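Inspection log for the structure reproduced underneath, given as C-alpha cells.
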Amino acid sequence: MSSGVTATAACLTEYDALKMGHKYRYIIYGITDDAKNIDVLHCGNKTNDLEADHKCMVDLLKERQASHGTGAYVVFDVEKNGKNAIVFIAWVPNAVSVKSKMMLSSSKGDFLKKLEGIKTAIQANDDDELTLENILSEAKV
C-alpha cells in the first residue's frame, strides 16, 4: 500500500552524491509536515571515524524523535575492513504515534525502490537495532 507521499528531487540528488561521489556518510530523510513529500533533513559528511559519524547520526535521529515525535529514513554508507555497503534504515521508534508509524511504513517501499544500490534495509524500532554493531552485522561488512 502506498501512502501517496513522494520523494523530492533533492532526495535522489543527494543520494547520488553519497553513492557515486562518496560525499556523505549518511543522509537523513523525513516526511514533510504537510505529509506530501519525503525530503532531505540532514546530510552528514564522511569522516575517517565511522563510530563518530554513526553517533552523530543517532543523535540527530533522537533529536528529531523528541522534537517532532516522528521517525525518519536513513541511508548510511558503511565501510569496514575494506568492504563497503549502503544500508537503508527505517527508524520507526515504538514511542512515535500510530499515524507516524503508518506514514513511514506505507511510504518506505516506494522510496526504497528509487534508491538504487542499497545493499540491505533495516527496520529499527528501538535503540538496539540502531547500534553500529547491528548495522554492520545486517550489512555483512
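Model, not experiment: these values are computed from the prediction.
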Minimum side-chain heavy-atom gap [X]-[Y] below 4.5 Å:
{"X": "S107", "Y": "I38", "result": "yes"}
{"X": "Y26", "Y": "C43", "result": "no"}
{"X": "I86", "Y": "K119", "result": "no"}
{"X": "L50", "Y": "L136", "result": "yes"}

If you count the non-hydrogen atoms of other residues, nucleotides and ligands that lie under 6.0 Å from NZ in K23, is the total more than 12?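 Atom NZ in K23 is not packed in, count stays at 12 or less.
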Let me confirm one number: the [atom1]-[atom2] distance from [X] to [Y], rounded to the nearest 0.5 Å.
{"X": "Q65", "Y": "S100", "atom1": "CD", "atom2": "OG", "value": "9.5 Å"}
{"X": "L130", "Y": "F76", "atom1": "CG", "atom2": "CZ", "value": "9.5 Å"}
{"X": "E129", "Y": "I89", "atom1": "CD", "atom2": "CD1", "value": "11.0 Å"}

Using the side chain to side chain donor-acceptor pair (under 3.5 Å) rule, collect all pairs that involve residues 130-141, keeping only residues at least two apart or in two chains. none
Name all pairs fulfilling the side chain to side chain donor-acceptor pair (under 3.5 Å) condition that reach into residues 42-56, sequence neighbours left out, sorted by first residue then second.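 Residue pairs with at least one partner in residues 42-56: R25-D53, K46-D77, K46-E79, T47-D53, K55-D59.
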Could you tell me which residues satisfy salt bridge (charged side-chain N to carboxylate O under 4.0 Å, His left out) with K62, sequence neighbours excluded, listed by chain and number? D127
Output every pair passing ring-ring contact (aromatic ring centres under 6.0 Å, His included) with a member in residues 118-141, not counting sequence neighbours, ordered by first then second residue.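 Listed by first then second residue: nothing to list.
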Donor-acceptor pair, side chain of K36 and main chain of I31, under 3.5 angstrom: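 Pair absent, no side-chain N/O of K36 close to backbone of I31.
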For K83, does its backbone N or O pair with a side-chain atom of N81 as donor and acceptor, under 3.5 Å?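 The answer is no, because no donor-acceptor pair under 3.5 Å joins these two groups.
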With sequence neighbours left out, write down each residue that passes side chain to side chain contact (heavy atoms under 4.5 Å, CB included) with A72, or none if nothing qualifies. I28, L61, R64
What residues, two or more places apart in sequence or in another chain, satisfy side-chain hydrogen bond (donor to acceptor under 3.5 Å, both in side chains) together with [X]?
{"X": "S97", "result": "none"}
{"X": "Q123", "result": "K108"}
{"X": "D34", "result": "T32"}
{"X": "D39", "result": "T8"}

[X] and [Y]: which non-hydrogen atoms are nearest, and at how many Å?
{"X": "A139", "Y": "V78", "value": "CB-CG2, 4.1 Å"}
{"X": "N125", "Y": "V92", "value": "ND2-O, 2.8 Å"}
{"X": "I27", "Y": "V40", "value": "CG2-CG1, 4.1 Å"}

All N/O donor-acceptor pairs, side-chain side in residues 9-17, below 3.5 Å, sequence neighbours left out:
unit_1 : atom_1 : unit_2 : atom_2 : d
T13    : OG1    : A9     : O      : 3.1
E14    : OE1    : Y24    : OH     : 2.7
Y15    : OH     : E116   : O      : 2.6

For F88 and L115, what are the C-alpha separation, side-chain angles and deciding distance, and is it a side-chain contact (heavy atoms from CB on, under 4.5 Å)? CA-CA 9 Å; F88 179 88; L115 305 175; 3.9 Å; yes
Quick one: list whatever passes ring-ring contact (aromatic ring centres under 6.0 Å, His included) with F111, sequence neighbours left out.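 Expected list: Y29, Y73.
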